[in-house]
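Working notes, structure below.
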Amino acid sequence: MACVVVAGLTISPRAHAFMDEAHAAIMEAVAGHVEDGFTIREEYWKGELESGGKKLIRHQLFRGNEYWFWLATSLPGCEIKLEVYDAEGVPVTLERATNGTVRGVRVTPAQTASYYILVQISRPSGEQSTNPPVQLIDWALVYGYR
Amino acid sequence: MIDLSWRDLRRLTFGAVQVAGLAVLWPARGQEAVGERLVLESFPALMIEEVIVPDPGELFSLMDKLPGQPNWDSWVRRDFGKGTMTDRTRLALWFGTLIADGFIAVQAENVDGVNKAGRRILELAESLSLRDAVLPHSRAIMDACEAKDWPKVRRELDRTHRTVREQMELMRDEDLAQYVSVAGWLRGTEVLTSLIVESYSQDKAEILNQPDLAEHFIERLSELEGEGKDSEPVQAVLAGLRTVRQLMGTSAEASLSSESVQQIHGICAGIVNQIVPK
């Protein structure tokens, strides 16, 4: 597959096409939460990671609201890690759920403040790295509140 | 009236989520064990810069959960700004306040207010050359309003904001996208602070513990290079944000005093008055 290198960033066209697949998978999976009164935000985070790579997202949460965060990739069989931490780095995830390639975590913030969301995706264990050597994995992260 | 504390509310929401339907949709689900602490200082290079600003409804709904019924209707605009203009910086700022006004009218469940906001949003979208992109959302807002489907109106307002931001970025108008976001946040904060001052409590004031968001807007606006950056309203926004950021203090100080809330209100109201043409 052809890759484009722009200013040090490796962008895989195929992965770009799949980012929307990851988002679509989440939107399909969260329908039940909408029925339960959750507002799903239209804005969402997306990107690409090397296998095992991590990203951290800072996000404002409000005490009194209940939140679900959902992370997905279009690549089946990946190990998906999603955690939410407070400003001291203490994990605040109360509950987690998995539905196919979508991983969800529930948070009810103890304080109105900035929190940190850790995203990590790894290829299925035992899978060999193929050409190109560093193949990126697409991901999308959506949140909802009530 | 039932007077619920935050602890009561949290217990209720914890219980409410344990519904059978979700268990079917999410087969693998369980209570989380305590995980490992994260050393945040080890992650600076991995931090994603993109910030998703909470929508006004996310903050407004908190006010409705707390004791004391806020008078949302008193904040629904009777008119949504007069005249037309060609300055795209001012138009984008005005557009941002209108999105927030839509959320305020929804919170008040004011059909006339939502319809007027929806129509004005479409008019301004036309001035910003975004009519085709916004028209489906404007229609959906009116239809959902007619049906009094308030969650759907909120969703469409959020979609309108996202569409406008994406279109502006496609047109290489990233500056305008920032102006829309910050103006919406300022108008939302203006209304929120007024309602908090009316019946002050520390729980309500804690909603304003958003110094990182204020900092985010300051950084983004300071980085902009377009000609609008030096305009009077943008400079007023930047100056106001710097004071608001100071008043919001640090995340360790969760609740602002009534005086600080009043000061933030004055700053936000002054900026919004400059943005919305009379």
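So you know, we letter chains A, B, ... as the sequences are listed, proteins then strands, and number each from 1. As a basis for the values below, the full set of heavy atoms in this structure was taken, side chains included, without hydrogen atoms, waters or symmetry mates.
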* Sort out for me which of B:Arg159, B:Arg165, B:Arg155 touches chain A most, counting heavy-atom pairs under 4.5 Å. =>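 That would be B:Arg159.
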
* Is the ring centre of A:Tyr85 less than 6.0 Å from the ring centre of A:Tyr116? ->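 Between A:Tyr116 and A:Tyr85, which both carry aromatic rings, the centre distance is not below 6.0 Å.
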
* Please flag which part of B:Pro151 lies under 4.5 Å from any non-hydrogen atom of chain A: side chain, backbone, both or neither. =>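 Contact with chain A is absent: no heavy atom of B:Pro151 under 4.5 Å.
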
* Hey, is the main chain of A:Asp138 close enough, under 3.5 Å, to the side chain of A:Thr73 for a donor-acceptor pair? ->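 Side chain of A:Thr73 to backbone of A:Asp138, a donor-acceptor pair under 3.5 Å: yes, one is there.
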
* To do: Inspect the contact between A:Arg41 and B:Asp158 and indicate whether a charged nitrogen and a carboxylate oxygen are less than 4.0 angstrom apart.
  =>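 Salt bridge between B:Asp158 and A:Arg41, a charged N being under 4.0 Å from a carboxylate O: yes.
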
* Asked: Of the backbone (N, CA, C, O) and the side chain (C-beta and beyond), which part of A:Leu118 lies under 4.5 Å from a heavy atom of chain B, both, or neither?
  ->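 The answer is the side chain of A:Leu118.
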
* Answer yes if the side chains of B:Thr163 and B:Thr160 hold a donor-acceptor pair under 3.5 Å, and no otherwise. =>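 Judged by distance alone, the side chains do not pair up.
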
* With chain B, which of A:Leu56, A:Leu61, A:Val90 has the greatest number of heavy-atom pairs at distances under 4.5 Å? ->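 Among the listed options, the one with the most contacts to chain B is A:Leu56.
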
